[in-house]
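Heads up: the structure comes next, in structure tokens.
Chain naming here is simple, since letters A, B, ... match the order of the sequence lines and numbering starts at 1 in each.
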Amino acid sequence: MPADPTPTEPKDFIRDIVAQHVDEKRYDKIVTRFPPEPNGYLHLGHARAILLNFGVAKENQGQCNLRFDDTNPAKEDIHYVNAITADIKWLIEGWADAQLTFKPKGAFPNSQTIDDRPDFQVASISANSPDSEPFTASAYFDQLYVYAIALIKSGKAYVCDLSPEDTEKYRGTPTEPGTASPFRNRAIAENLDLFSRMRSGEFSDGSHSLRAKINMASPNLWLRDPLLYRIRHTAHHNTGNKWCIYPLYDFAHCLSDYLEGVTHSFCTLEFVAHRDLYDWILTSLNLPRPLPHQYEFAKLIPSYTLMSKRNLLRMVQEKVVTGWDDPRMPTLAGLRRRGINAKSLRRFVISTGITTQNGITDIAALEHVVRDELNQTAERRLAVLRPIKLVLTNIAAGESIPCEAVNNPQDETPTKRQINLTREVFIEQEDFAEAPPPKFRRLKPGGEVRLKYACIINLDEIVKDEAGNLLELHCTAQLDTRSGQPNASKKVKGTIHWVSATESIDAEVRLYDRLFTVPEPGAEDDFLKVINPHSFVTILAKLEPDLANPPPGQSFQFERLGYFTPDSKDSGSNKPVFNRTITLRDTWEN
RNA sequence: UGCCUGGUGGUGUAAUGGUAGCACAGCAGACUCUGACUCUGCUUGUCUAGGUUCGAGUCCUAGCCGGGCAGCCA
């Protein structure tokens, strides 16, 4: 197996840009960053951003910083930073671990002088180092404050006393220019004084703000004197009560990139309008090092899923699902618990490419790679989800006939295990039909079928109770059709799976399906109306005995049914709970 | 109807003035001790109209359609 599971090296407009910069030797090293806000779990959409940022870093021997964009203490929580960090490590493990970069524990940006100009820069260190921690925007609050003062001193920022409502009114509309705030031309000294008093807690939330002085008539709304700082008397999960003013995204993000030495800052299309502001702030500060630049790409939106954190949070809060890591959720945690491995996710996401076109990606493309990966790697087992009892009348009670079962036929030299055929076995209800449809290749009256890895059987008698309910099936086993026996190569049309009634275990199996019934639940006025009522079904199944204590994280193919993995939360010793990752492709219809 | 941005099979994505290709999905068949896998074949596309050119998905002009932007969210 190759150490690097990446498929072919991707090529797209962003890699072209980076490649050109590398040719030009524009930067010493390519540095990207993944900047999640710790206010929810990472999902499939983030996977594209993660794989882009880490991919570009990896392909150019660069680094990718994990930075928490934690500038809004009202919405953020430390719980999310831990979950996000774990999810990222999981997603890139064995692929781009070497690129994941943190800062030294407790580090803040260092002061330095470059060409007689003052500068700040934060040190970086491998995330593998024990004394490392993720970058955070909140670690830059001191420097950000210094930059804000520099902007004020150069006449490029001012303190505004307009209320949030008035600020909105003054901004104008897309078709009408805004009007200048009455505080726009305050003296620099007054701005400095007011800003310092904002910081010291003298003013209430919303009463003042720091604004960039750009152009109230700009066709780009984000250049109409955007806010840089707002007052929030709220404790922050990192900085505690040190601050009561917090920088806004536009001010914090570009400067965080700069402080970390980021060269390429990738984000999604809705930030295109912010790019001018990103550049304005950076160029206004006369910074001595090369400036980072922002490049935008289209979001990944798979069909039959909801992708916004707002909606996912609502599903969690309204208990549509059991939590952020519910196996039906499109979160990395949910997908992982479902049994989808990181390599499958990478393959899927990378296969969708990077462009600037918005669109919906067919979730079948993900299902395809999930099946393909698992087909290669998952060991096969026999399991019966909805059992009916079948009695092999020519086998004595108590007798165990050993059979060899292949663990994975995809292996070049497959290993085998032993399963025992006994007088009583269970087969799948679906594999028997008293009145079979045309082309039915399974067990039917007067028919014969092979029990996988065992022998061919003939149906002799259908036993029912007085009410006509099916009780059991009586069959005869053709024992000489077992592997190694004289008639082993005898052909029959159908092969079905089975499990010994006396040598099997009972286990809970959770059958998951798509959460929504429509391809685009996000386009619905209320997604609650299009929830798939059958997205989660739990049953008691009969499994091969060696499935009693499955290794966590291991996937199995239950033959003819699908891929299953032990649930990471609810499985107990000798009491496994299996999640169905996905069914096998099924082209048989009736 | 301000500014930005984008239109290639059903979906996603290539082709950077020179044979419109790939993947998924779909359909048909072969194989099969998994109706899986694998294999074979097939259906389906350059938003429209002009122009430049020997040659246009690609360049130009006009139009049509879609997405984004008016948080003290990110």
Per-nucleotide protein contact string for nucleotides 26-47 of chain B, where B marks a base within reach and S marks sugar-phosphate only (heavy atoms under 4.0 Å, - for neither): S-----BBBBSS----------
Going by an N to O cut-off under 4.0 Å, is there a salt bridge joining A/Lys490 and A/Asp480? no
Can you check whether A/Thr355 has a side-chain N or O nearer than 4.0 Å to OP1 or OP2 of B/U13? yes
If you check every side-chain atom of A/Thr175, which of B/G2, B/G6, B/G10 has the closest atom? B/G2
Would you say NZ of A/Lys444 has more than 12 non-hydrogen atoms from neighbouring residues, nucleotides or ligands within 6.0 angstrom? yes
When the P atoms of B/U11 and B/G66 are compared, how many Å lie between them, rounded to an integer? 15 Å
What nucleic acid atoms does A/Ile360 come within less than 4.0 Å of, heavy atoms only: base, sugar-phosphate, or nothing? sugar-phosphate
For the P atoms, the ones on B/U32 and on B/U19, what distance do you get once it is rounded to whole angstrom? 42 Å
May I have the step-by-step check of side-chain contact (heavy atoms from CB on, under 4.5 Å) for A/Val159 and A/Asp161, ending in yes or no? CA-CA 7 Å; A/Val159 172; A/Asp161 304 356; 4.0 Å; yes
For A/Arg417, is there an ion pair with A/Asp546 - N to carboxylate O distance below 4.0 angstrom? no
Kindly compute the distance separating CZ (A/Phe195) from OG (A/Ser209), expressed to the nearest 0.5 Å. 10.5 Å
Between B/U46 and B/U16, how far is it from one C1' atom to the other, in whole Å? 16 Å
May I ask you to verify if any side-chain N or O of A/Gln357 is less than 4.0 angstrom from the OP1 or OP2 atom of B/G6? no
In B/S/- notation, 5' to 3', how is nucleotides 66-74 of chain B contacted by protein heavy atoms closer than 4.0 Å? -SSBBSBSB
SB check A/Arg33 A/Glu260 (cutoff 4.0 Å): no
Taking the six-membered ring for Trp, are the ring centroids of A/Tyr249 and A/His253 within less than 6.0 Å of each other? yes
Looking only at atom C1', what distance separates B/U8 and B/C65, rounded to whole Å? 15 Å
Taking CZ from A/Phe348 and P from B/U11, how many angstroms apart are they, rounded to a whole number? 16 Å
In whole angstrom, give me the gap between the C1' atoms of B/C37 and B/C73. 48 Å
Partner lookup for B/G6, please. Criteria are Watson-Crick or G-U wobble with both distances under 3.5 angstrom; report none if nothing qualifies. B/C65
Which one is paired to B/A28, where only Watson-Crick or G-U wobble pairs with both distances under 3.5 angstrom count? B/U40
Who does B/G21 pair with, Watson-Crick or G-U, both distances under 3.5 Å? B/U13
Can you tell me how far C1' in B/U13 sits from the matching atom in B/A74, rounded to whole Å? 29 Å
Determine the Euclidean distance between corresponding P atoms of B/G9 and B/U44; express it in Å to zero decimal places. 14 Å
Can you measure A/Leu44 atom CG to B/G12 atom C1' for me and round it to whole angstrom units? 14 Å
For the residue pair A/Arg514 and A/Tyr304, would you count it as a cation-pi contact if the rule is NZ or CZ under 6.0 angstrom from the ring centre and within 45 degrees of the ring axis? yes
Base orientation of B/G51, chi within 90° of 0 counted as syn, else anti, reads anti
Take the protein atom CD of A/Glu176 and the nucleotide atom P of B/C3, then report the distance between them rounded to whole Å. 14 Å
If I pick the C1' atom on B/G55 and the same atom on B/U40, what distance separates them, to the nearest angstrom? 36 Å
Partner of A/Gln478 under side chain to side chain donor-acceptor pair (under 3.5 Å), chosen from A/Gln485, A/Glu448, A/Arg450: A/Glu448
Gap between atoms CG and P, on A/Leu277 and B/C4 respectively (whole Å): 17 Å
So what's B/A74 paired with, Watson-Crick or G-U wobble, going by both distances under 3.5 Å? none
Centroid-centroid distance, A/Phe297 to A/Phe266, less than 6.0 Å: no
Taking atom P of B/U11 as reference, at what distance in whole Å does atom OH of A/Tyr304 sit? 13 Å
Salt bridge (charged side-chain N to carboxylate O under 4.0 Å, His left out) against A/Glu524, all qualifying residues, sequence neighbours excluded: none
Let me know the distance between CD1 of A/Ile582 and P of B/A25, rounded to the nearest Å. 10 Å
